[in-house]
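Step one of this worksheet: look at the structure below.
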Protein chains: 2
Amino acid sequence: MPVSEKATETQTAYYRVRQAILAEELLPGQRLVEKELAERFGLGRAAIRTALARLEQEGLVKSEPFRGATVRAIDEAEAVEILEARAALESLAARYAARKATPEQVRHLEDILQRMQARYEAGDLLGMSELNSELHQRLLEIAGHRTAARLIESLRAQNVRHQFRTILVPGRSRRSLEEHRRIVQAVAAHDEEKAAQAMLEHLSQVAEALRQSAALTTPQPPSPILEEA
Amino acid sequence: MPVSEKATETQTAYYRVRQAILAEELLPGQRLVEKELAERFGLGRAAIRTALARLEQEGLVKSEPFRGATVRAIDEAEAVEILEARAALESLAARYAARKATPEQVRHLEDILQRMQARYEAGDLLGMSELNSELHQRLLEIAGHRTAARLIESLRAQNVRHQFRTILVPGRSRRSLEEHRRIVQAVAAHDEEKAAQAMLEHLSQVAEALRQSAALTTPQPPSPILEEA
DNA sequence: GTCAACTACATTGTCAACAATATTGTAGAC
DNA sequence: GTCTACAATATTGTTGACAATGTAGTTGAC
């Protein structure tokens, strides 16, 4: 039963292109010409092709018949929508995490929280952001709700570009730390309702910060070039 | 600017295969051999291939390298997970619907509800189920939350096979009618919190009915043939 | 100069052949 | 009889060529 180990070209194409989009090497609105990508990654056009189909289904790429694919551009309004959907699903996951967390897992969460506090006191916003992601990721693992996890991961990927804006809002990091503390406390106490509520509150605050950030940085220069169907 | 009107083969392949899965012409666990599907639908293998890739990303198909694709089998536990995720998202959508519904839209909802009542009194469970779907669909349109709508549609498709089980649970149709009435009333009153709560309650009840139904109809014959990674 | 029709080009969509892998069947050793 | 090694087959993965479509540029009429 020689089960295949090495990845097929299509798979690597999917991960490479996806990674390039998430790393912002490929920017929103940018055309994704199959031949170019194939040469860039040293893969066949067919592999790139199916990778683009998958990425379109995932919401990272937009494609029109005979006109090619582009990195999907997500405006502020949609970013808020995505955050709201994430909030609903992560709230569910937090409820599960509160139900199922073992003492060891709780200790791990508290450890992350402590490191977050340290980064905050050091004024290291980027480090905080990383621990933020780690905390959310860990909560998903504890929850063990694979359906929710899959959807959340997809939503997170779509919003990666907007994620960093929020940490710059004045006073946001302090409140963020406090919100995460409430989540962890609720999970540690196995208080499902409180955990769900705390997570909902947290991500609603992030959405609010995003709205503020967008209002500040973007005085709405209406770009009629990129259309959204 | 002759913009393409007729669908490309890949698109039709996607819709045809998807439809066949949803109509249960292709059953869970069944192998999806590219050549067979191509002949069945009169399409090229390439079109089928990318369609399968999209369907895998959507969660309707499971595929392993060099071993082919199958219709993904969803067991009872996962069906409950999917319903929980749907509940979280539709609750969000109901909140939006309550915020944005116009008087005309409210009248339309109430009309559907009345027809549901009529079907209930006539003992027409299938007719009720259709109106059920229509009501949920209409709420999504009123909400205008495209991100949530996309995810919900995907989840609904995955659960289509389990959907019909619940309506057979004794007394379920009566309670379902009542739950829907509460939702519509909250939306009509523009009470966002109440609408969200009512929708959450409703789908939680559906999940509960599903658990009961599964416990009754399936005395757990452990089938070690189909594995879930 | 502006517009329409036409041509040339770039890119995507489709097809058929070939390579790589898994699965099944067969023969032989013990 | 059972197991292993090997051959045969079926299916998927990949490649290259060709067709279909959209886009840009060019020419000509007015």
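Proteins get letters first, then strands, A, B, ... in listed order; numbering begins at 1 in each.
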In the structure I gave you, are the side-chain heavy atoms of B:V184 and B:L135 within less than 4.5 Å of one another anywhere?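 Contact flag for B:V184/B:L135 side chains = yes.
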
Using atom CD1 of A:I48 as one end and atom C1' of C:dG13 as the other, report the distance to the nearest whole Å.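 Computing the A:I48:CD1 to C:dG13:C1' distance gives 16 Å.
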
I need the CD-P distance between B:E39 and C:dA16, as an integer number of Å.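 So the two atoms are 12 Å apart, to the nearest Å.
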
Give, for atom CG of B:L151 and atom CZ of A:R150, the distance between the pair rounded to the nearest 0.5 Å. 12.0 Å

In residues 42-52 of chain A, what donor-acceptor pairs under 3.5 Å come from side-chain atoms, sequence neighbours left out?
from  : atom 1 : to    : atom 2 : distance (Å)
A:R45 : NH1    : A:E34 : OE1    : 2.6
A:R49 : NH1    : A:E34 : OE2    : 2.8
A:T50 : OG1    : A:A47 : O      : 3.2

Kindly write out the residues that satisfy side-chain contact (heavy atoms from CB on, under 4.5 Å) with A:R54, not counting sequence neighbours, or none if the list is empty.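 Counting only residues at least two positions away or on another chain, A:R54 forms a side-chain contact (heavy atoms from CB on, under 4.5 Å) with A:Y14, B:A53, B:Q57.
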
Indicate for each nucleotide in nucleotides 7-14 of chain D, in 5' to 3' sequence, whether protein heavy atoms under 4.0 Å reach the base (B), only the sugar-phosphate (S), or nothing (-). ----SBBB

Treating A:S91 as the side-chain partner and A:A88 as the backbone partner, does any N or O pair qualify as donor plus acceptor under 3.5 Å? no

